[in-house]
Amino acid sequence: GSNVLRMSSGIQIKPKAAVQKSKTSSPLPCSPEPAIKPQPKPSDKLNPKTIDPFSADSRPTSAFAAIYAKGGIPCRLVHGSVKHRLQWECLPETVPFDPLLVTLAEGLRETKHPYTFVSKEGFKELLMVEGAAEKAIPLLPRLVPVLKAALAHSDDEVFGRGLDALVQLSAVVGTSLNDHLKHLLTNLSRRLMDKKFREKITVALQKLEQYGGKVS
């Protein structure tokens, strides 16, 4: 039988056979099958914050890292000369948001490459697909606690990714997020005292008000 990987949020992912890589550069529609494992680059070894999730000596320290190592995230990092990007193994709009959107949100708390980029960019791109609102709204009770944990993280970069993700989510689900805001504002107010985040948080709050309407 298939091995079942249990995450802290209670979701389950059942790894299946690896997806056959398309002969073209265009992703194909597919279910959330495990992605092809990218080959580690020599340059990764020179980056002290980079780990090789596929190394025999590497033991995943989080649920997201474990899923990524098993190929359970249907996208991979492509190193560019100017900036990195994600390459999806299948069209993002064909991937079920449950559990992938929650999985990517949990990955926002990662502090090592490539998890940091994959989780942030994957969360953003998944919310950009057509019909994202209808798919994301039912997941809010599970997404909000995960985003709250990112906003409460001591690492500044994790907090920044959590804040960006919150604004992105608000832009998609609109007023549906209003009932959950009370769980997030405490962590935002704490960071508001930090000068380096004051402007960024103020802008974020203005956007939350814009997307959530007068009730927010």
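It should be emphasised that the depicted structure is a prediction, and the values quoted were computed from it without experimental measurement. The residues of the chain are indexed from 1 along the displayed sequence.
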Measure the shortest side-chain to side-chain distance between Leu208 and Leu166 over non-hydrogen atoms and say whether it is less than 4.5 angstrom.
yes

Is there a side-chain contact between Leu163 and Leu188, using heavy atoms and a 4.5 Å cut-off?
yes

Listed by chain and number, what are the side chain to side chain contact (heavy atoms under 4.5 Å, CB included) partners of Asp156, not counting sequence neighbours?
Arg191, Lys196, Phe197

Kindly compute the distance separating CZ (Arg161) from CG (Leu151), expressed to the nearest 0.5 Å.
12.0 Å

Can you run down the side-chain hydrogen bond (donor to acceptor under 3.5 Å, both in side chains) pairs that involve residues 164-179, sequence neighbours left out, and say none if there aren't any?
Asp164-Lys200

So, for Phe64 and Ile73, which heavy atoms are closest and what is the spacing to 0.1 Å?
CE1-CD1, 4.1 Å

4.5 Å side-chain heavy-atom contact, Leu169 and Leu143
yes

Could you give the distance from CD (Glu121) to CG (Leu77), rounded to the nearest 0.5 Å?
10.0 Å

Flag side-chain contact, heavy atom, 4.5 Å: Asn187 against Phe159
no

Correct closest heavy-atom pair for Met193 and Arg198 would be O-NH2, 3.5 Å

For Leu126 and Pro92, work out which heavy atoms get closest and say how close.
CD1-O, 3.8 Å

Within one Ile-Leu-Val-Met-Phe-Trp-Tyr cluster: Val95 and Met128, side-chain cutoff 4.5 Å:
no

How about Lys182: does its NZ atom have over 12 heavy atoms from other parts shown lying under 6.0 Å from it?
yes

Here the gap from Phe97 atom CZ to Ile137 atom CD1, rounded to the nearest 0.5 Å, amounts to 11.0 Å

With a 4.5 Å cut-off on side-chain heavy-atom distances among I, L, V, M, F, W and Y, is there a chain of contacts connecting Leu192 to Leu181?
yes

Evaluate the salt bridge (Lys or Arg N to Asp or Glu O under 4.0 Å) criterion for residues Asp98 and Arg142: first the C-alpha distance (whole Å), next the side-chain angles of each, then the deciding distance (0.1 Å), finally the verdict.
CA-CA 10 Å; Asp98 186 1; Arg142 289 155 61 192; 3.0 Å; yes

Apply side-chain contact (heavy atoms from CB on, under 4.5 Å) to residues Leu177 and His180 and explain how you reach the verdict.
CA-CA 5 Å; Leu177 187 61; His180 302 276; 4.2 Å; yes

Do His113 and His84 come within less than 4.5 Å of each other through their side chains, counting heavy atoms only?
yes

Non-hydrogen atoms of Ser216 and Gly213 that approach each other most closely
OG-O, 2.6 Å

Using the test ring pair (Phe, Tyr, Trp, His ring centres under 6.0 Å), find all partners of Tyr211 that sit at least two apart in sequence or belong to another chain.
none

Out of curiosity, does Val158 fall in the hydrophobic cluster containing Leu184 (side-chain heavy atoms, cut-off under 4.5 Å, transitive links)?
no

From Arg85 atom CZ to Glu125 atom CD, the distance as rounded to the nearest 0.5 Å:
9.5 Å

Could you state the interatomic distance from CD1 (Ile201) to CD (Gln206), rounded to the nearest 0.5 Å?
12.5 Å

Considering all heavy atoms of both residues, which atom of Gly162 and which atom of Ala150 are nearest to each other, and what is their separation?
CA-CB, 4.0 Å

Report yes if some heavy atom in the side chain of Thr116 is under 4.5 Å from a heavy atom in the side chain of Glu157; otherwise report no.
no

Following the transitive rule for hydrophobic clusters with a side-chain heavy-atom cut-off under 4.5 Å over Ile, Leu, Val, Met, Phe, Trp and Tyr, establish whether Leu108 and Val167 coincide in one cluster.
no

Is there a path of hydrophobic side-chain contacts, each under 4.5 Å between heavy atoms of I/L/V/M/F/W/Y residues, joining Val203 to Leu147?
no

With rounding to the nearest 0.5 angstrom, report the OH to CZ distance, Tyr68 to Arg76.
9.0 Å

What is the minimum heavy-atom distance between Gly122 and Leu86, and which atoms define it?
N-CD1, 3.3 Å

Looking at Lys135 and Glu93, would you say the former's side chain and the latter's main chain have a donor-acceptor pair under 3.5 Å?
yes

